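Written out below as structure tokens is the structure these notes cover.
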Amino acid sequence: MTITNQIVEPSALARPSTVIAPELLGCYLVRRLSEVEIIRGLIVETEAYAPGDPACHGYKKRTERNDVMFGTAGRGYVYLIYGMYHCFNVVTDGEGIPSAVLIRALLLDSLPAKTAAGPGKLCRVMQIDRSLNGVILQPNQPLWLEGRTPAFVQQLAAGAISFVQTTRIGLTQGTDLPWRWYIKNCPAVSKI
DNA sequence: TGACTGATTGGA
DNA sequence: CCAATCAGTCAT
């Protein structure tokens, strides 16, 4: 029996967000809502935010809001946008380096592809809000990451699955940086 | 303490 | 194209 759904340990995320962002495609974001209810979403779209990037919340200085981004890798950075939606990020790289990967879209089992096609929509369906800001991403917590399945790895190697790298969406700054990645031809991606 | 803004979304 | 809606940020 092949081992699947291995945990993505926080230590595995201690590298630049521009490296981690494409690596997270095909991995799973797992949310425990109660003793008996778990939601699992395939990550199909990501964006990287990094030091020197004017769109990064940590671009200017460390503040109460962006503090988690500056911390160690493997925590969740959650913030409120436009007063009504939350965005979920995976903190990457080392202590003191403002770096994170925004999870932009998930493909969920037994739900329409568009249900979590967008950062605000996926936080709504996964019930992620600022109470989860700073959460350590591991299985004894309400939120964690699991790796690609052997089937995904095999299809990627065979070319049956491929990735697209483009510029980020919805920004007013840093629009030239090609730091968005998504799974080609996946209906759950927010925009093409 | 006040004005302005935004890594979004859905509807006109 | 535009409004909804509010915490964070920065200027007074």
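As the structure is a computational prediction, the values presented were derived from the model and not from experiment. Sequence lines set the chain letters: A, B, ... in the order given, protein chains first and strands last, and positions in each chain run from 1.
- Residue R130(A) places its side chain closer to dG8(C) than to any other of dG10(B), dG8(C), dC10(C).
- Between the OH atom of Y182(A) and the CD1 atom of I192(A) there is a distance of 4.5 Å, given to the nearest 0.5 Å.
- The side chain of T63(A) sits closest to dT9(C) out of dC10(C), dT9(C), dT8(B).
- Separation of atoms CD (Q6(A)) and CG (L145(A)) is listed at 13.5 Å; rounding is to 0.5 Å.
- Nucleic acid contact for R168(A): none, since no nucleic acid atom lies under 4.0 Å from a heavy atom of the residue.
- Judged by a 6.0 Å distance limit and a 45° cone about the ring axis, R168(A) is positioned over the six-membered ring of Y49(A).
- With dA7(B), dG6(B), dT9(C) as the candidates, the nucleotide lying closest to the side chain of Y82(A) is dG6(B).
- No N or O donor and acceptor, one from the side chain of Y79(A) and one from the base of dA7(C), sit under 3.5 Å apart.
- Across dT9(C), dG10(B), dA7(B), the shortest atom-to-atom separation from the side chain of R124(A) is found for dG10(B).
- Rounding to the nearest 0.5 Å gives a distance of 15.0 Å between CH2 of W144(A) and SG of C27(A).
- Counting any heavy atom pair closer than 4.0 Å across all strands shown, G83(A) reaches a base atom.
- Among the nucleotides dT9(B), dA7(B), dT9(C), the one closest to the side chain of R65(A) is dT9(C).
- Among the protein residues, S190(A) comes within range of no part of the nucleic acid, since none of its heavy atoms lies under 4.0 Å from any strand.
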